**Q** 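Below you will find the structure I want to go over with you.
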Amino acid sequence: MEPTVAGLLQDSIFILPELLLYAFAFLILIVSALLPPQDRKMIAWLSLVGTAMIVPMVVRYARQLEGSAGSPVFSGDVAVDGLGFFFKLIVLAGGLLSIMISIRYLDIERMQAGEYYALIMIATASMMFMASSLSLLMIFVSLETMALSVYILVGFLKENRKSNEAALKYFVLGAFSSAIFVYGASLVYGSTGSLQLDAIAKAAVPGGEGVELTVVGLILITVALGFKVAAVPFHMYIPDAYEGAPTAVTAFISTASKAAAFVVALRVFVTGFPGLFEYWAPLVALLSAASMTLGNVTAILQDNMKRMLAYSSIAHAGYALMGLLVAGQPGAAGDFGMKAVGVYMMVYTFMNIGAFGLVIMLRRRDLVGDLVIDFSGLAKRSPVAAFTMLLFLLSLAGIPPLAGFMGKWYLFGAAVRGDWAWLAVLAVINSAISLYYYLRVVVCMYLKDPLTDEPFSTSLPLNAALAIAGVMTVLLGIWPEHFLRLATFSWSLASAAGP
């Protein structure tokens with residue numbers, strides 16, 4: 001049945017947060033063009049307020065849905081379910097914190113511009129669409145809108161050669177992965193006759209007609225998503241892109257973008273290809289094992305803080321892939337795997353943005369501040385900053401009672417429940433390895449002398465972002481029940497994939 005104008009308008013209510021965020025972004029561009037250069041810092045505050053206004057809207061929609069399964073809109077292309085709203089909140093948290101830590105960074109670089117904040121808002125809105133996409137076409141459109149914004153953000157420091165190189169590498173390999181995704185989607189469409197995930201799930205079953213072609217398309221889609229989540233061996237661009245990009249942008253793409261990519265992977269594998277679990281499960285297990293191992297081992301060799309956190313990000317993608325693997329299994333194990341991925345992405349967003357925020361705090365015109373040695377003597381210069389960084393690093397390593405431990409506990413528990421105990425053992429070993437390179441930073445902060453006595457030049461938004469990230473890193477570790485109760489309805493996908 002063809003959608004009516006009234007039906008489209010009614011459906012549009014459910015994507016109102018995304019539409020408003022796009023509208024705010026375009027408004028920021030207009031206001032930026034009208035303001036004199038010396039007043040453009042106001043744009044940052046307007047962007048922060050505009051993005052923050054979206055959060056209560058998403059929470060309100062999610063609470064209205066609590067207790068019900070929800071249903072798709074726009075002819076089944078957009079999900080209205082707890083999973084989508086939960087990941088939208090994670091993405092919004094990543095966008096808000098990234099804007100907050102960007103203000104001081106752009107002041108240092110003398111690059112305050114409305115275009116920067118508009119691109120973050122456009123990318124955030126696109127990630128929110130990714131979280132609720134139920135067709136391969138919708139996934140591709142929202143994914144590319146997000147990617148185009150991120151490519152520009154990575155190369156935003158036009159006079160910095162590393163930033164230009166990072167943007168070029170990100171663009172070339174990103175375009176390559178997009179082409180692979182489109183080719184895989186075309187094969188799936190040719191064999192199943194649909195791009196909607198629920199229809200694909202009905203046709204993509206072992207022994208079904210054209211299943212061989214569907215499996216080839218699924219493998220290509222897996223490769224493309226491997227690029228997006230930075231899984232080994234599709235991680236090659238990540239260290240250079242993270243190092244060369246503006247630090248605030250690195251924080252944004254390592255958290256919000258990763259969360260959006262993982263919810264897409266959940267939609268694709270769990271909703272679209274549950275019948276082909278035996279084909280994609282070994283591939284995802286291999287990606288998980290390779291990512292966590294190579295990421296942690298290579299991070300040991302890094303002296304650059306941003307490159308170290310880049311390889312750490314690859315390792316954390318490997319951990320999260322365990323949850324994705326289990327989520328594809330039926331029953332309680334699958335629900336727990338879904339829950340584990342959501343919890344971990346929420347935890348990872350706060351602790352990773354916090355770590356990058358401390359890197360920005362060290363940044364000055366005469367000091368890049370992104371080397372491990374630049375943290376030397378931080379405890380003597382600023383005990384509060386050193387303690388905050390200690391919290392983030394220990395959380396990333398998975399030390400109790402911090403949020404990182406809780407996130408890993410869910411993931412490792414999911415792997416054991418899903419009979420992937422060998423992956424859980426490998427993850428525990430890799431977590432132990434990661435302690436070495438995280439503690440290197442701690443040793444520099446507490447046992448070495450400062451390189452300079454020059455005071456920090458922080459800002460209210462940066463301090464507020466670090467405080468929020470620090471508090472959430474502690475609260476999600478020692479009191480996770482309250483946050484989990486707010487989203488208990490979001491772990492099931494079955495109804496969202498229905499007609």
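Only a predicted model underlies this, so the values are computations on that prediction, with no experimental measurement involved.
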**Q** Looking at CD1 of Ile120 and CD1 of Ile152, how far apart are the two atoms once the value is rounded to the nearest 0.5 Å?
**A**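 Going from CD1 on Ile120 over to CD1 on Ile152, the span is 12.5 Å.
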**Q** For the backbone of Ile103 and the side chain of Gln112, can you confirm whether one donor and one acceptor N or O come within less than 3.5 Å of each other?
**A** yes
**Q** Taking C-beta and beyond as the side chain, do Ile54 and Thr124 meet within less than 4.5 Å on heavy atoms?
**A**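 A side-chain contact is absent here, since even the closest heavy-atom pair is not under 4.5 Å.
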**Q** Looking at Leu391, is its backbone amide N or carbonyl O close enough to the side chain of Ser395 to form a donor-acceptor pair, meaning the two atoms are under 3.5 Å apart?
**A**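 No; judged by distance alone, with no hydrogens or angles, the pair does not exist.
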**Q** Is the CE atom of Met236 crowded by more than 12 outside heavy atoms at less than 6.0 Å?
**A**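 More than 12 heavy atoms, drawn from other residues, nucleotides or ligands, come within 6.0 Å of this atom.
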**Q** Look up atom CG in Leu411 and atom OG in Ser431, then write down how far apart they are to the nearest 0.5 Å.
**A**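 If I round to the nearest 0.5 Å, the distance is 9.5 Å.
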**Q** With the side chain counted from C-beta on, respond yes when Val91 and Lys88 share a heavy-atom pair under 4.5 Å apart, and no when they do not.
**A**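 In short, these two side chains do not touch, never coming nearer than 4.5 Å.
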**Q** Can Ser312 and Tyr438 be counted as having a side-chain donor-acceptor contact under 3.5 angstrom?
**A**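 Result is yes, a qualifying pair exists.
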**Q** Aromatic rings Tyr237 and Phe227: how do their planes relate, parallel, tilted or perpendicular, breaks at 30° and 60°?
**A**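 Plane angle under 30°, so parallel.
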**Q** Within a reach of under 6.0 Å around CG of Leu439, are more than 12 heavy atoms found that belong to other residues, nucleotides or ligands?
**A**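 Check passes, neighbour count above 12.
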**Q** Quick check against the 3.5 Å criterion: does Lys408 have a side-chain atom that pairs as donor or acceptor with the backbone of Leu396?
**A**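 Here the side-chain-to-backbone pair exists.
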**Q** Less than 4.5 Å apart, any side-chain heavy atom of Met345 and any of Val263?
**A** no
**Q** Under the side chain to side chain donor-acceptor pair (under 3.5 Å) rule, what do Ser291 and Tyr319 come out as? Steps first, then yes or no, please.
**A** CA-CA 8 Å; Ser291 298; Tyr319 300 143; over 6 Å; no
**Q** Which atom pair, heavy atoms only, marks the closest approach of Ile122 to Tyr22?
**A**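 Looking at all heavy atoms of both residues, the shortest contact is O-CE2, 3.7 Å.
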**Q** By the definition ring pair (Phe, Tyr, Trp, His ring centres under 6.0 Å), identify the one residue from Tyr348, Phe336, Tyr344 that meets it with Tyr410.
**A** Phe336
**Q** Just verifying a value: how many Å separate Asp335 CG and Gln329 CD, rounded to the nearest 0.5 Å?
**A**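 Result: 11.5 Å between the selected atoms.
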**Q** Could you tell me the separation between the CG atom of Leu426 and the OG1 atom of Thr293, rounded to the nearest 0.5 Å?
**A**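 One gets 4.0 Å once the value is rounded to the nearest 0.5 Å.
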**Q** Kindly give the heavy-atom pair with the smallest separation between Gly407 and Val343, and that separation in Å.
**A** CA-CG1, 4.3 Å
**Q** Begin from the C-alpha positions of Met322 and Met292 and carry the test side-chain contact (heavy atoms from CB on, under 4.5 Å) through to its verdict.
**A** CA-CA 10 Å; Met322 290 193 304; Met292 69 176 78; 4.1 Å; yes
**Q** What are the two closest non-hydrogen atoms of Gly328 and Trp280, and how far apart are they?
**A**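 For Gly328 and Trp280, the tightest heavy-atom pair comes out as CA-CH2, 3.8 Å.
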**Q** Between Thr51 and Phe24, is there a side-chain heavy-atom distance shorter than 4.5 Å?
**A**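 Side chain of Phe24 against side chain of Thr51, heavy atoms only: no contact under 4.5 Å found.
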**Q** If you take all heavy atoms of Trp420 and Gly418, which pair is closest and at what distance?
**A** CD1-O, 2.9 Å
**Q** Can you tell which of Leu447, Leu393, Leu378 makes a side chain to side chain contact (heavy atoms under 4.5 Å, CB included) with Val442?
**A**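 In the set Leu447, Leu393, Leu378, the residue that makes a side chain to side chain contact (heavy atoms under 4.5 Å, CB included) with Val442 is Leu393.
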**Q** Does Leu309 offer a backbone N or O that forms a donor-acceptor pair with the side chain of Ser313 under 3.5 Å?
**A**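 No, because the side chain of Ser313 does not come within donor-acceptor range (under 3.5 Å) of the backbone of Leu309.
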**Q** Side chains of Val268 and Ile221: does their closest heavy-atom pair fall under 4.5 Å?
**A**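 The answer is yes; the side chains approach within 4.5 Å.
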**Q** Looking at side-chain heavy atoms only, is the closest gap between Met57 and Leu20 below 4.5 Å?
**A** yes
**Q** Looking at Lys448 and Gly377, would you say the former's side chain and the latter's main chain have a donor-acceptor pair under 3.5 Å?
**A**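 No, Lys448 side chain to Gly377 backbone: no donor-acceptor pair under 3.5 Å.
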**Q** Please, which pairs that meet side-chain hydrogen bond (donor to acceptor under 3.5 Å, both in side chains) have at least one residue in residues 160-176, sequence neighbours excluded?
**A** Lys162-Glu243, Glu165-Lys169, Lys169-Asp240
**Q** Any side-chain heavy atom of Leu106 sitting closer than 4.5 Å to one from Tyr117?
**A**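 They are in side-chain contact.
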**Q** Examine Phe392 together with Phe350 and report whether their ring centres are nearer than 6.0 Å.
**A**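 Between Phe392 and Phe350, the centre distance exceeds or equals 6.0 Å.
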**Q** Got a second to check how far Ile253's CD1 is from Ser98's OG, nearest 0.5 Å?
**A** 10.0 Å
**Q** For Val474 and Leu402, run side-chain contact (heavy atoms from CB on, under 4.5 Å): C-alpha distance rounded to whole Å, both residues' side-chain angles, the deciding distance at 0.1 Å, then the answer.
**A** CA-CA 5 Å; Val474 174; Leu402 300 174; 4.2 Å; yes
**Q** For residues Asp449 and Lys380, determine if any side-chain heavy atom of one lies less than 4.5 Å from a side-chain heavy atom of the other.
**A** yes
**Q** Determine whether a donor-acceptor pair (N or O, by modelled atom type, separation under 3.5 Å) exists between the side chain of Arg307 and the backbone of Tyr242.
**A**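 Absent.
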**Q** Could you check whether any side-chain N or O of Ser257 sits under 3.5 Å from a backbone N or O of Ser254, counting only pairs where one atom can act as donor and the other as acceptor?
**A**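 No.
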**Q** Could you name each residue pair satisfying side-chain hydrogen bond (donor to acceptor under 3.5 Å, both in side chains) that touches residues 144-155, not counting sequence neighbours?
**A**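 Listed once each, the pairs are Glu144-Ser178.
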**Q** Is a salt bridge present between Asp81 and Arg267, judged by a nitrogen-to-oxygen distance below 4.0 Å?
**A** yes
**Q** Testing the basics here: between Pro246 and Val154, what is the closest heavy-atom pair and its distance to 0.1 Å?
**A** CD-O, 3.3 Å
**Q** When rounded to the nearest 0.5 angstrom, what is the spacing between CZ in Phe375 and CE in Met305?
**A**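 The distance works out to 4.5 Å.
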**Q** Please check: side-chain N/O of Ser288 versus main-chain N/O of Val284, any donor-acceptor pairing under 3.5 Å?
**A**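 Side chain of Ser288 to backbone of Val284: no pair is present.
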**Q** side-chain contact (heavy atoms from CB on, under 4.5 Å) between Ile399 and Leu435: does it pass, once the steps are laid out?
**A** CA-CA 9 Å; Ile399 302 298; Leu435 268 174; 3.9 Å; yes
**Q** Tell me whether the count of non-hydrogen atoms from other residues, nucleotides or ligands lying under 6.0 Å of CZ in Arg440 goes above 12.
**A**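 Yes, enclosed.
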**Q** With side chain to side chain contact (heavy atoms under 4.5 Å, CB included) as the test, pick out the partner of Met146 among Lys228, Met128, Met130.
**A** Met130
**Q** Is there a side-chain contact (heavy atoms from CB on, under 4.5 Å) between Asn430 and Ile433 once you walk through the steps?
**A** CA-CA 5 Å; Asn430 274 285; Ile433 293 173; 4.2 Å; yes
**Q** For the residue pair Ala231 and Leu321, what are the closest heavy atoms and their distance?
**A**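 Result for this residue pair: CB-CD1, 4.0 Å.
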**Q** Tell me if the OH atom of Tyr446 is crowded by more than 12 foreign heavy atoms within 6.0 Å.
**A** yes
**Q** Please evaluate residues Tyr436 and Asn296 with respect to the criterion side chain to side chain donor-acceptor pair (under 3.5 Å), reporting the C-alpha separation (whole Å), side-chain torsions for both, the decisive distance (0.1 Å), and the verdict.
**A** CA-CA 9 Å; Tyr436 174 78; Asn296 281 313; over 6 Å; no
